Amino acid sequence: MSGRGAAAGWRRAGVAVLLATAGGAIAQTPLERGSYLVNAVMACDGCHTPRGPGGVFVMEKRFSGGMQTWDTPAYLVKGSNITPDRDSGLGAWSDAEIKRALTEGTHRLGRPISPQMPFAFYKILTPRDLDATVAYLRSVAPVVNAVQAPVYKAAMRVDLVPDAVKPFTEDALRDPVKRGFYLATIAHCMLCHSRRPDGMQDYQNSWGKGGFVFVEPWGSAVAPNITSHPKSGLGAWTDTEIKRALTHGVSRDGRAFKPPMARQNYFSRMTEEDLNAIVAWIRTLPPIE
């Protein structure tokens, strides 16, 4: 798929986001809110949308899965088809079954879903946002694509995210720091930034410390420290520099981020209020060297 085609796909996918954000404080429909969450925050394409040459998303097959593969000691899984196709996607699933998969990591057939799908981070979704996410998934184009079934080799470890084990309230979202924590959680930031060099999650001692090295065909990248430490983390960064990193995918010195953090296609769609909330939350992270 050409760069122009990918850009057109993103524009089509972003129409509802623009509608959802243009009105500021006006009420959003569930579909508009779901579009904003999926297209600006949760970055679902990363696992569920096939990629063409150069890693460009094939938007005509958006959310049909099948390409990305994770082979670990505990499981071998591929990104699943989450389009409304009845046979190979979620078309035959009930809303309750989709919500259970999102927040509990349980397949409609009762089997566990691997933590590659960050359901531990989605437990925090407010009831309204969970409904909205399902509404948006129902609205995307169905794509026929039967994905290889997962293979589970051993018991899977699931680490619960501190202060995110139950749904947030709408009231809590009015507080900028809590709102920032909420958004960063459903964007599963700490899935990478609290992973130790050995690959294990450590939300007690490595909260935001980073250090894990991603090794992929494109090369390698280290998850950086995003705590408030003035030298090892983001303590010396300005608010503008942090927001630029999120929305443009570049470090404060202008270097482009590598694929794990190249999420500007999503975060650039976030409202200024939500970006400010994320920065406010980042400022509260205890400094870890």
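This is a predicted model, so every value here is computed, not measured. Note that the numbering runs from 1 along the sequence shown for the chain.
A side-chain donor from one of T227 and N225 sits under 3.5 Å from a side-chain acceptor of the other. S88 and N81 form a side-chain donor-acceptor contact under 3.5 Å, judged by distance and modelled atom types alone. Between the side chains of T103 and K123, not a single donor N or O lies within less than 3.5 Å of an accepting N or O. Donor-acceptor pairing under 3.5 Å is lacking for the side chains of D171 and T169.
Rounding to the nearest 0.5 Å places CH2 of W237 at 10.5 Å from CD1 of I226. Here the CG atom belonging to L90 is positioned 5.0 Å from the CD1 atom belonging to I98, to the nearest 0.5 angstrom. Distance check: Y36 OH to D129 CG gives 10.5 Å after rounding to the nearest 0.5 Å. With rounding to the nearest 0.5 angstrom, the CZ atom of F63 is 8.5 Å from the NE2 atom of H48. Atom-to-atom distance recorded for Q116:CD and D71:CG is 11.0 Å, nearest 0.5 angstrom.
At a threshold of 4.0 Å, the pair R283-D239 counts as salt-bridged, since one of the basic side-chain nitrogens sits closer than that to a carboxylate oxygen. A salt bridge does not link R269 with D274: every distance from a Lys NZ or Arg NE/NH1/NH2 to an Asp or Glu carboxylate oxygen is 4.0 Å or more.
Using a 4.5 Å heavy-atom cutoff, the side chains of P112 and M156 are in contact. Annotation: side chain of R263 is not in contact with side chain of S268 (no heavy-atom distance under 4.5 Å). Within the 4.5 Å cutoff, side-chain heavy atoms of M261 are placed close to those of L246. Counting heavy atoms from C-beta on, the side chains of S64 and P50 come closer than 4.5 Å. Residues T126 and E170 have side chains in contact (heavy-atom distance under 4.5 Å, counting atoms from C-beta outward). Using a 4.5 Å heavy-atom threshold, the side chains of I186 and I124 count as touching. For the pair V134/K99, a side-chain contact is recorded, criterion being any heavy-atom separation below 4.5 Å from C-beta on. Within the 4.5 Å cutoff, no side-chain heavy atoms of N39 are placed close to those of Y266.
The minimum heavy-atom distance between P127 and P167, with the atom names listed, is CD-CB, 4.2 Å.
Under the 3.5 Å distance criterion, the side-chain polar atoms of Q68 are matched with a main-chain donor or acceptor of G46. Side chain of T284 to main chain of W281: a donor-acceptor pair is present (N/O by atom type, distance under 3.5 Å, no hydrogens or angles). Here the side chain of R179 pairs a donor or acceptor atom with the backbone of L173 at under 3.5 angstrom.
Taking Ile, Leu, Val, Met, Phe, Trp and Tyr as members and joining any whose side-chain heavy atoms lie under 4.5 Å apart, directly or through other members, V147 forms no hydrophobic cluster with any other residue. Grouped with L160 in one hydrophobic cluster are V165, the linkage being side-chain heavy-atom contacts under 4.5 Å among Ile, Leu, Val, Met, Phe, Trp and Tyr residues.
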Exercise. When you look at F212 and F214, which way does the ring pair (Phe, Tyr, Trp, His ring centres under 6.0 Å) test go after all the steps?
Worked result: CA-CA 6 Å; F212 178 72; F214 294 87; 5.0 Å; yes
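Scanning for salt bridge (charged side-chain N to carboxylate O under 4.0 Å, His left out) contacts around D163 gives an empty result, with sequence neighbours left out.
Using the six-membered ring where Trp is involved, Y122 and H188 have ring planes that are perpendicular, over 60° apart on the 30 and 60° scheme.
Taking the ring centroids of Y152 and Y75, they lie at or beyond the 6.0 Å cut-off.
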